[in-house]
Amino acid sequence: MTPAPDLTVRGSAAIGDALLFARLTLTLAAGRWTCLLGGSGVGKTTILRLIAGLDTGAEFTGQITASDGQSVRERVAYMAQDDLLLPWATVARNVLLGARLRGEKPDLRRCDQLIERMRLQDHMTKKPGELSGGQRQRVALARTLMEDRPIVLLDEPFSALDARTRADMQDLAAEALQGRTVLLVTHDPGEAARLGQSIVVMTQNGITPCQPPHAPAPRKVDDLETLETQGALLRLLREEAA
Amino acid sequence: MKLLSGLAATLFALAIWQAIVSATGLPKFILPGPALVAETWWQNRWIIAEHTWVTAVEVIIGLACGTVLGVVTALQLANSRAARVLVQPMLVFTQALPVFALAPLLTLWLGYGLWSKVAMAVLIIYFPITSSFFDGLMRTPPGYLDLARTMQASRRAVLWHIRIPAALPSLASGMRLAAVYAPIGAVIGEWVGSSQGLGYLMLLANGRAKTDLMFAAMLTLGVFSILLHMVVRRATAGIAGETR
Ligand SMILES: Nc1ncnc2c1ncn2[C@@H]1O[C@H](COP(=O)(O)OP(=O)(O)O)[C@@H](O)[C@H]1O
Ligand SMILES: [Mg+2]
């Protein structure tokens with residue numbers, strides 16, 4: 001894995017004749033979590049998919065660059081709200097999917113370690129259909145970690161989970177993805193306040209950087225400053241939408 | 001439970017059949033009753049078995065060849081835009097042709113024996129197999145393809161590890177349809193020209209006003225088709241279940 005780079009998205013996007021977002025500059029600091037917070041439909045997923053080099057419905061004008069000048073899209077790992085586990089493959093085979101798809105020899109030891117780290121060792125030979133939502137997202141996280149990429153793109157990966165499981169997953173992911181350049185796209189101000197080392201609010205009017213709480217992420221769910229930030233972010237979202 | 005309800009339905013059908021025979025008093029060369037058909041069936045069991053064997057071989061070879069051909073075609077179509085442009089309209093056209101119309105030609109080309117019947121069965125099941133598997137291959141959940149893209153997967157690897165397994169349930173449903181159609185194909189082939197098989201036996205019996213034997217052969221064909229469908233369903237439930 002190359003060291004995590006800074007990442008800059010600079011440009012505008014349009015769908016047909018309609019502007020999705022005007023020219024903006026979004027910088028993801030190397031080795032840190034950036035939370036991109038916004039209501040649905042503002043273009044968060046579009047930005048994330050542009051970084052990943054995936055198809056979007058939008059026409060993007062601008063550039064996406066890494067501070068070390070190397071290619072971005074070949075160094076990203078991607079995790080979405082849908083866990084995208086293959087239902088016919090076991091947990092272990094799902095974790096090893098990347099190697100299999102590239103025709104590489106799978107690193108079974110690392111796979112075992114990651115599965116253990118995600119507390120999935122009792123489920124290795126199960127199919128995704130036999131797992132709970134939280135367990136499935138842990139498998140998806142193990143698969144993401146298995147890719148060992150310096151840039152990790154998370155598109156609302158925890159939004160379908162219940163509150164407790166979501167908080168657990170946030171802790172687990174924050175710890176496991178330390179040191180990587182992470183973009184977390186979310187519509188949940190609480191999540192952004194807990195996890196963001198930098199927080200950016202996106203609305204129709206563009207993006208606004210916000211002050212994250214001082215405590216190191218992941219912050220306690222009842223940390224006062226974090227709760228205040230959550231409130232402030234929500235207010236910002238509502239004002240901008242009005 | 002399923003066995004019991006099947007048995008009940010069979011008894012019910014037999015009762016209606018008998019009721020119609022008794023009520024109308026039709027002569028037995030028009031509509032023989034269930035008892036007579038059963039008796040005829042038993043008396044001719046070895047002849048019927050021989051002809052059933054012939055038809056079964058045609059159907060099973062047809063099913064195997066048709067499945068292989070359909071799977072290969074669907075893979076080609078899914079893999080190449082050129083193939084889709086060139087072959088897909090042709091496929092639809094062959095489907096629009098009545099297969100019955102081709103039966104005499106096939107007999108002319110392939111002779112009276114096994115292969116013209118196999119070809120009929122193949123023709124009739126080729127389209128359902130191809131189109132169901134092809135649809136499955138083209139309907140891979142887009143999220144999987146996105147994921148594979150970020151993993152730098154080759155097209156081949158995506159096809160092999162994602163698109164094909166995701167399409168197996170569709171192939172399985174195509175094969176279940178094929179199991180119902182293949183016997184029809186083989187029997188049509190036999191009607192057009194043959195000296196063996198249940199279709200031949202039915203024509204023969206009909207021609208000699210042995211309506212009871214005709215019924216016995218027809219019911220045997222029905223039972224064979226149901227058994228075949230059950231076997232294929234069982235076999236494909238494995239694949240489809242694995243992938244759900
Ligand atoms: N493939 C597409 N084709 C056309 N429009 C799209 C497509 N994908 C998304 N959009 C539109 O782009 C806008 C932004 O979508 P998206 O980036 O998914 O928003 P978000 O993730 O913030 O909810 C939405 O209005 C959506 O309808
Ligand atoms: Mg989105």
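In what follows, every chain begins at residue 1, and chains take the letters A, B, ... in the order their sequences are listed. Predicted, not measured: the structure shown is a model, and the values here were computed from it.
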Take atom [atom1] of [X] as the centre, draw a 6.0 Å sphere, and report whether it contains more than 12 heavy atoms from other residues, nucleotides or ligands.
| X | atom1 | answer |
| --- | --- | --- |
| R10(A) | CZ | no |
| R84(B) | CZ | yes |
| E130(A) | CD | yes |
| Y181(B) | OH | no |
| E59(A) | CD | no |

CD1 (I164(B)) and CH2 (W88(A)) are apart, to the nearest 0.5 Å, by 10.5 Å
Donor-acceptor contacts under 3.5 Å from residues 56-77 of chain B side chains, at least two apart:
unit_1, atom_1, unit_2, atom_2, d
T67(B), OG1, L63(B), O, 2.6
T73(B), OG1, L69(B), O, 2.6
T73(B), OG1, Y126(B), OH, 2.6

Quick check on E147(A) against chain B: is it the side chain, the backbone, both or neither that has a heavy atom closer than 4.5 Å?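 When you check distances to chain B, only side chain atoms of E147(A) fall under 4.5 Å.
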Quick check on L85(A) against chain B: is it the side chain, the backbone, both or neither that has a heavy atom closer than 4.5 Å?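 Contact with chain B: backbone only.
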Under 4.5 Å to a heavy atom of chain A? For L145(B) that would be neither
Checklist entry - Under the 3.5 angstrom rule, does the side chain of R149(A) hit a backbone N or O of T150(B) as a donor-acceptor pair? => result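 Yes: the side chain of R149(A) pairs with the backbone of T150(B).
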| said: Does L101(A) form a side chain to side chain contact (heavy atoms under 4.5 Å, CB included) with L147(B)? I'd like the steps, not just the answer. | reply: CA-CA 10 Å; L101(A) 285 178; L147(B) 185 66; over 6 Å; no
- Message: Suppose a student defines contact as a heavy atom less than 4.5 Å from any heavy atom of chain A. Which residues in residues 151-161 of chain B would they list?
- Response: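 At a heavy-atom separation under 4.5 Å, chain A is reached by M151(B), Q152(B), A153(B), S154(B), A157(B), V158(B), H161(B).
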request  = Could you walk me through whether R149(B) and D55(A) pass side chain to side chain contact (heavy atoms under 4.5 Å, CB included), step by step?
outcome  = CA-CA 10 Å; R149(B) 185 94 173 264; D55(A) 297 334; 3.9 Å; yes
